[in-house]
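Order of listing sets the numbers, starting from 1, for every ligand and every atom in it.
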Amino acid sequence: MKITVVGSGYVGLVSGACFANLGNEVTCVDIDAKKIALLKKGVTPIYEPGLEELVRHNLKEKNLSFTTDLKGAVRRTDVIFIAVGTPPRPNGEADLSFVEDVARTIAKDLRGYKLIVEKSTVPVQTGERLAQTLRHTVKKGADFDVASNPEFLREGSAVRDFMNPDRIILGVESKKAERILRELYAPLKAPIVVTDINSAEIIKHASNSFLATKISFINAIANVCDAAKADVEQVAIGIGLDRRIGRGFLDAGIGFGGFCFPKDLAAFIRISEKLGYDFELLRAVERINENQKKVFLKKVEEALWNVSSKTIGVLGLSFKPNTDDMRYAPSVEIIAALQAQGARVKAFDPHAMPKAKGLLRNVEFCKDSYSVSKGSDCLLILTEWDEFKELDLARVKKALRQPIVVDGRNIYDPKKMRKLGFKYFSMGRP
Ligand code: NAD
């Protein structure tokens with residue numbers, strides 16, 4: 001199939017490269033000319049395991065091309081995926097102006113039949129708006145369908161997730177749209193759920209909100225465990241073995257961040273409100289998540305007594321491991337709060353430092369974990385990168401001015417840490 005993917009970010013680029021690898025002819029479009037210039041050379045602007053190889057291979061095979069010319073791309077293709085950003089407005093609702101811009105450009109030049117697919121995460125009823133906008137603008141004789149095909153890939157394993165999805169959601173209003181999308185996804189051998197467009201849109205928001213709820217739930221349990229001297233990890237194992245609950249997303253910590261959970265949760269709360277429903281449960285999930293950073297900062301204060309004029313070493317800056325994405329990373333707020341109290345911050349992240357440098361002020365970026373530890377009064381773990389789990393902890397201890405570790409991701413065994421002579425604090429574990 002000939003496909004255009006509009007927006008070449010995490011979702012658009014990964015989808016485009018994967019569709020190309022499945023044998024389709026894909027044109028990826030972006031308004032960011034710098035990004036497109038890099039991609040044309042086979043350089044990916046984001047760190048995502050396996051992505052650059054996939055892009056280079058398919059560029060060479062001529063299955064994949066990059067352009068800033070949306071009109072030209074639309075003319076050459078029959079299926080158009082919209083994968084542009086849907087960032088939050090200050091009140092939390094999704095800003096759909098990028099989606100609308102793309103729809104208007106597509107509509108102006110639409111000839112023959114095109115299938116226009118929402119891949120971006122959008123609030124329910126966006127498909128209806130999209131169809132309305134297109135209908136108002138298209139010329140006579142042009143025909144189109146709108147469909148919703150939300151994406152569930154996770155940053156850090158995006159290519160693998162795209163190629164091995166748990167399910168594929170097709171929100172369609174016509175048999176023709178369903179047939180085209182079924183054919184496109186046939187090689188992936190995943191269960192396909194066909195719904196109306198509104199339900200497909202809600203499936204995406206409901207999935208992310210449910211996962212966020214699990215995280216806030218276990219963080220709330222962790223806070224009770226802290227107070228009661230119980231172990232949240234044992235609790236998570238104990239409840240997670242119940243198949244109705246499952247062990248996934250039950251890791252206590254400093255709360256969720258990233259470009260998806262916080263904004264999708266806020267957008268779902270706002271759209272529910274607009275539709276007349278006060279989603280109190282999700283408002284509590286948001287509140288617990290925000291509070292979790294404060295819980296962590298309290299532990300740092302407890303460990304250091306006075307934060308002011310202390311040197312604090314930070315391991316991990318990205319919002320989760322295996323990505324360089326710093327959007328809504330808890331590290332940003334935590335570091336700012338420590339600096340506001342007069343702390344000096346040193347930091348290391350295996351991949352996110354180039355992006356972090358643009359975001360964090362007055363931080364000393366170090367070449368590895370040991371240089372961060374050197375002379376620090378305490379070490380904070382903010383992202384659970386595998387390499388931090390394998391550190392030579394005796395060497396870390398020697399390098400630290402005080403052997404204090406405040407672990408926001410529960411990556412070390414408290415007993416072992418204490419045996420090694422650390423003053424060790426973690427989330428919800430005695
Ligand atoms: P992103 O910011 O990485 O990429 C969006 C891209 O769209 C940018 O490169 C931007 O330049 C481009 N763009 C904006 N306006 C454009 C226009 N008019 N024409 C062409 N390109 C345009 O965002 P992302 O993380 O890929 O997210 C995209 C959507 O997918 C969002 O709705 C997001 O919620 C959703 N989503 C993201 C993830 C994820 O893990 N990142 C997972 C599932 C769904």
Side-chain angles (χ1 to χ4, degrees), residues 4-18 27-39 44-49 51 66-74 80-89 92-108 116-123 126-127 130 133 148-162 165-166 168-169 200-201 203-209 211-212 256-268 271 318-329 355:
T4 293
V5 182
V6 193
S8 304
Y10 283 89
V11 167
L13 182 57
V14 171
S15 309
C18 290
T27 309
C28 285
V29 181
D30 207 285
I31 39 167
D32 184 339
K34 264 197 212 149
K35 201 179 254 191
I36 291 297
L38 274 178
L39 286 165
T44 55
I46 49 173
Y47 169 73
E48 193 58 58
L51 182 60
F66 296 97
T67 181
T68 51
D69 174 20
L70 174 58
K71 275 191 186 171
V74 168
I80 302 145
F81 283 86
I82 302 181
V84 296
T86 49
R89 291 190 193 281
E93 81 183 4
D95 179 352
L96 299 172
S97 55
F98 299 125
V99 174
E100 188 181 343
D101 283 352
V102 172
R104 285 190 188 283
T105 312
I106 295 172
K108 272 187 214 146
I116 295 140
V117 190
E118 299 169 350
K119 193 80 165 143
S120 302
T121 302
V122 291
T126 300
L130 202 59
T133 306
S148 162
N149 168 223
E151 183 50 56
F152 298 94
L153 63 79
R154 293 163 299 176
E155 288 175 25
S157 52
V159 173
R160 197 179 65 217
D161 289 349
F162 188 93
D166 289 340
I168 291 159
I169 305 294
E201 290 165 338
I203 287 171
K204 175 63 192 178
H205 265 164
S207 301
N208 275 4
S209 302
L211 295 171
F256 53 81
F259 191 52
C260 288
F261 283 4
K263 91 170 165 55
D264 293 350
L265 197 62
F268 200 26
I271 187 72
S318 56
F319 83 93
K320 68 173 187 179
N322 301 323
T323 177
D324 61 350
D325 199 348
M326 287 293 299
R327 294 178 292 184
Y328 301 95
K355 287 200 175 145

*asked:* Given Ala103, Ala94, Gly85, identify the one with the heavy atom nearest to atom 5 (C) of ligand 1.
replied: Gly85
*Does any non-hydrogen side-chain atom of Val29 lie less than 4.5 Å from one of Val5?*
no
*Does a side-chain N-to-carboxylate-O contact under 4.0 Å join Asp325 and Arg327?*
yes
*So, Asp95 versus Ser97: side-chain donor-acceptor pair below 3.5 Å or not?*
yes
_Which residue and atom name correspond to the protein heavy atom nearest atom 1 (P) of ligand 1, and how close is it?_
Arg327 NH1, 3.7 Å
*With distance as the sole test, does Thr126 use its side chain to make a donor-acceptor pair with the main-chain N or O of Val122 at under 3.5 Å?*
no
*Assess Lys263 against Phe259: is NZ or CZ under 6.0 Å from the centre of the six-membered ring, and within 45 degrees of the ring's axis?*
yes
*asked:* Judged on heavy-atom distance to atom 41 (N) of ligand 1, which of Glu151, Glu155, Arg104 sits nearest?
replied: Glu155
*Identity and separation of the nearest protein heavy atom to atom 42 (C) of ligand 1*: Leu153 O, 3.5 Å
*Does ligand 1 have a heavy atom under 4.0 Å from the side chain of Glu100, from its backbone, from both, or from neither?*
neither
*asked:* If you measure every N or O of Lys35 against every N or O of ligand 1, does any of those distances drop under 3.5 Å?
replied: yes
*Protein heavy atom at shortest distance from atom 18 (N) of ligand 1*: Val102 CG2, 3.5 Å
*asked:* On a heavy-atom basis, which atom in Val11 and which in Ala83 lie closest, and how many Å separate them?
replied: CG1-CB, 4.1 Å
*Which residue and non-hydrogen atom of the protein lie closest to atom 4 (O) of ligand 1, and at what distance in Å?*
Gly9 CA, 3.2 Å
*Backbone N or O of Asn208 within a donor-acceptor pair of the Asp264 side chain at under 3.5 Å?*
no
*asked:* Could you identify the single nearest non-hydrogen protein atom to atom 11 (O) of ligand 1 and state the distance to 0.1 Å?
replied: Asp30 OD1, 2.6 Å
*Which of the listed options, Tyr10, Phe162, Phe259, holds the heavy atom that is closest to atom 27 (O) of ligand 1?*
Phe259
*Would you say the side-chain atoms of Thr4 pair up with the backbone N or O of Ala73, donor to acceptor, closer than 3.5 Å?*
yes
*Looking at atom 15 (N) of ligand 1, what's its closest protein heavy atom, distance included?*
Ile31 CD1, 3.5 Å
*Mind checking whether Lys263 has a heavy atom under 4.0 Å from ligand 1?*
yes
_Main-chain N/O of Gly156 paired to Glu48 side chain as donor or acceptor, under 3.5 Å_ = yes
*Search all heavy atoms of Leu13 against all heavy atoms of Pro45 and return the closest pair with its distance.*
CD2-CD, 4.2 Å
*Donor-acceptor pair, Glu118 side chain versus Ser120 backbone, under 3.5 Å?*
no
*Can you pull out the closest protein heavy atom to atom 7 (O) of ligand 1? Residue, atom name and distance to 0.1 Å, please.*
Gly7 CA, 3.4 Å
*State whether the shortest distance between N or O atoms of Thr121 and N or O atoms of ligand 1 falls below 3.5 angstrom.*
yes
*Of the side chain and backbone of Val11, name the one, both, or neither that has a heavy atom under 4.0 Å from an atom of ligand 1.*
both
*asked:* Ignoring hydrogens, what is the shortest heavy-atom contact between Tyr328 and Pro88? Give both atom names and the distance.
replied: OH-CG, 3.1 Å
*Part of Val6 with heavy atoms under 4.0 Å of ligand 1, whether side chain, backbone, both or neither*: side chain
*Can you tell which part of Lys204 has a heavy atom less than 4.0 Å from ligand 1: side chain, backbone, both or neither?*
side chain
_Taking 4.0 Å as the limit for heavy-atom contacts, which would you say applies to Ala83 with ligand 1: side chain only, backbone only, both, or neither?_
backbone
_atom 32 (O) of ligand 1: the protein heavy-atom neighbour that sits closest, reported with distance to 0.1 Å_ = Thr86 OG1, 2.6 Å
